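FYI, side chains are in, hydrogens and waters are out, and symmetry mates aren't considered; it's all heavy atoms of this structure. Since this is a predicted model, take the numbers as computed values, not measurements.
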Amino acid sequence: MIRVEHVCVVHEVLPDGDRGRGTAIDKRPVDGPVAVGPLGPAGDTVCDTRHHGGRFRAVYVVSDEDAAVVEAELGRTPAVGWMGENLRVSGLSMSQVLLGERWKVGDCELGFTEPRVPCQTFARWAQRITGWPDTGSWVKRFAALGRPGGMCEVLVPGEVRAGDQIRVLHRPTHGLTLAEAFGAMPAEKAAALLDTYAPEDIQPDILRRARAAADRLS
C-alpha cells in the first residue's frame with residue numbers, strides 16, 4: 001500500500017548564499033487537509049521560478065524508502081521535509097515510478113513529469129543541516145545514489161492530507177522510469193515516450209533528452 005505520510009510546505013524563506021535571492025527549500029510537515037492547485041500546495045512558494053515550480057514541477061514527491069538511502073549516505077536523519085519535498089510517502093521506491101504515471105492522492109490527481117535534479121541550493125542546504133563537508137561532492141553523491149524522487153503536475157486539483165492512501169490510476173506502456181530518466185535514458189524507451197505524448201505534454205528538459213536518446217536509434 002502506498003500512502004501519504006506527510007504533507008510539507010515552506011517553513012521559512014532563507015538566504016541562499018550570495019545569489020541575492022532566497023530559497024524555499026526549508027519544507028516542514030503541516031497538519032490537516034492542504035489544498036493543492038495547479039502550481040502546488042497552498043502555503044508553499046517558489047523563489048527561483050526559472051528552475052523550480054510551474055506546471056511540470058508543481059509537487060515534489062519523496063518516499064521514506066528513498067530518503068532512508070540518502071540519509072544513510074549522509075550518516076544523519078534530518079527532519080521530514082529536508083529534501084524540499086511536498087509529499088513524503090511510503091510503500092515504494094520512487095525510482096520505479098514511470099514518467100506520465102498518474103496517482104490519485106486525496107482529491108487530487110498527479111502526473112509524474114521528471115526526476116528531481118540536484119542543484120547547488122540543495123547542496124548548500126544539505127551542508128547547512130547535516131554538516132556535509134563539500135557542496136560540489138554532495139550533488140555527485142546524491143546523483144550516484146539514484147533516488148531523486150519525482151516531480152509532478154497537478155492534473156486535478158483538490159485536497160491532500162497525511163494518511164491518505166494513494167491509488168495508481170495509470171502506468172504508461174513506454175516503461176521509462178524516473179531512475180532511467182535521471183540517468184542514461186534508454187533509447188528505445190525514450191522513443192516510446194515520444195510516441196506516447198505530444199511534445200507540449202512532456203517536461204521540456206525531458207523532451208530534449210528523450211529526443212537526443214531516441215536519435216541513437218537512427
Side-chain angles (χ1 to χ4, degrees), residues 1-14 22-49 51-68 70 77-117 121-122 125 147-172 177-178 181 197 200-203 206:
M1 179 183 69
I2 313 170
R3 59 171 269 159
V4 177
E5 298 297 336
H6 302 278
V7 183
C8 305
V9 300
V10 65
H11 173 70
E12 180 183 6
V13 173
L14 300 171
T23 173
I25 198 170
D26 182 8
K27 313 286 190 194
R28 303 197 189 176
V30 292
D31 296 326
V34 177
V36 179
L39 297 180
D44 204 25
T45 191
V46 174
C47 295
D48 181 1
T49 55
H51 299 103
H52 302 287
R55 171 191 169 187
F56 293 109
R57 295 167 174 165
V59 177
Y60 175 38
V61 184
V62 169
S63 72
D64 281 343
E65 289 80 357
D66 291 333
V70 178
T77 304
V80 170
W82 80 271
M83 290 177 67
E85 70 267 27
N86 299 117
L87 297 182
R88 175 67 74 90
V89 305
S90 64
L92 81 171
S93 169
M94 297 299 302
S95 296
Q96 299 309 306
V97 171
L98 302 177
L99 288 179
E101 186 167 318
R102 298 199 301 268
W103 284 9
K104 182 77 170 181
V105 186
D107 298 328
C108 296
E109 185 176 328
L110 304 178
F112 285 88
T113 58
E114 66 171 342
R116 184 256 191 87
V117 177
T121 293
F122 180 42
W125 177 240
R147 303 292 185 111
M151 295 290 183
C152 298
E153 62 178 316
V154 179
L155 301 172
V156 178
E159 289 185 340
V160 299
R161 71 180 75 204
D164 281 342
Q165 293 189 19
I166 295 170
R167 184 159 57 97
V168 178
L169 298 177
H170 173 69
R171 280 178 61 85
T177 66
L178 291 175
Y197 299 104
E200 61 269 22
D201 291 325
I202 302 175
Q203 198 280 339
I206 293 293

| Positive for side-chain contact (heavy atoms from CB on, under 4.5 Å) with V4, one of D164, V61, V160 | D164
| field | Partners passing salt bridge (Lys or Arg N to Asp or Glu O under 4.0 Å) against D26 (at least two apart in sequence or in another chain) | value | R28
| Rounded to the nearest 0.5 Å, what separation is found between the OG1 atom of T121 and the CG atom of L14? | 11.0 Å
| request: For the pair R116 and E85, find out whether any cationic side-chain nitrogen is under 4.0 Å from an anionic carboxylate oxygen. | output: no
| note | Quick note, ring pair (Phe, Tyr, Trp, His ring centres under 6.0 Å) partners involving residues 147-166, not counting sequence neighbours, are none
| remark: Residue set satisfying ring pair (Phe, Tyr, Trp, His ring centres under 6.0 Å) with W82, at least two apart, ordered chain then number -> F122
| query | Which pairs pass salt bridge (Lys or Arg N to Asp or Glu O under 4.0 Å) with one or both residues in residues 89-99, sequence neighbours excluded? | reply | none
| said: Which residues pass the salt bridge (Lys or Arg N to Asp or Glu O under 4.0 Å) test with R161, not counting sequence neighbours? | reply: none
| Listed partners of R55 passing salt bridge (Lys or Arg N to Asp or Glu O under 4.0 Å), at least two apart | E153, D201
| query | Among all residues two or more places apart in sequence or in another chain, which pass the salt bridge (Lys or Arg N to Asp or Glu O under 4.0 Å) test with R102? | reply | E109
| request: List for me each residue that meets side-chain contact (heavy atoms from CB on, under 4.5 Å) alongside D107, sequence neighbours excluded, and say none if there are none. | output: E159
| Any pair counted as ring pair (Phe, Tyr, Trp, His ring centres under 6.0 Å), so long as it reaches residues 93-112, sequence neighbours left out | W103-F112
| said: Can you confirm whether V7 sits close enough to L87 that some side-chain heavy atom of one is under 4.5 Å from a side-chain heavy atom of the other? | reply: yes
| task | Going by the side-chain contact (heavy atoms from CB on, under 4.5 Å) test, name the single residue among M94, R3, H6 that passes it with V89. | result | M94
| Pairing residues for E65 by the side-chain contact (heavy atoms from CB on, under 4.5 Å) criterion, not counting sequence neighbours | S63, S90
| task | List for me each residue that meets side-chain contact (heavy atoms from CB on, under 4.5 Å) alongside T177, sequence neighbours excluded, and say none if there are none. | result | Q96, L98, A179, E180
| said: Return the NE2 to CZ distance between H51 and R57, rounded to the nearest 0.5 Å. | reply: 8.0 Å
| Below 4.0 angstrom, N of the basic side chain to O of the carboxylate: do R88 and D64 qualify? | yes
| query | With V30, which residues qualify under side-chain contact (heavy atoms from CB on, under 4.5 Å), at least two apart? | reply | V9, V34
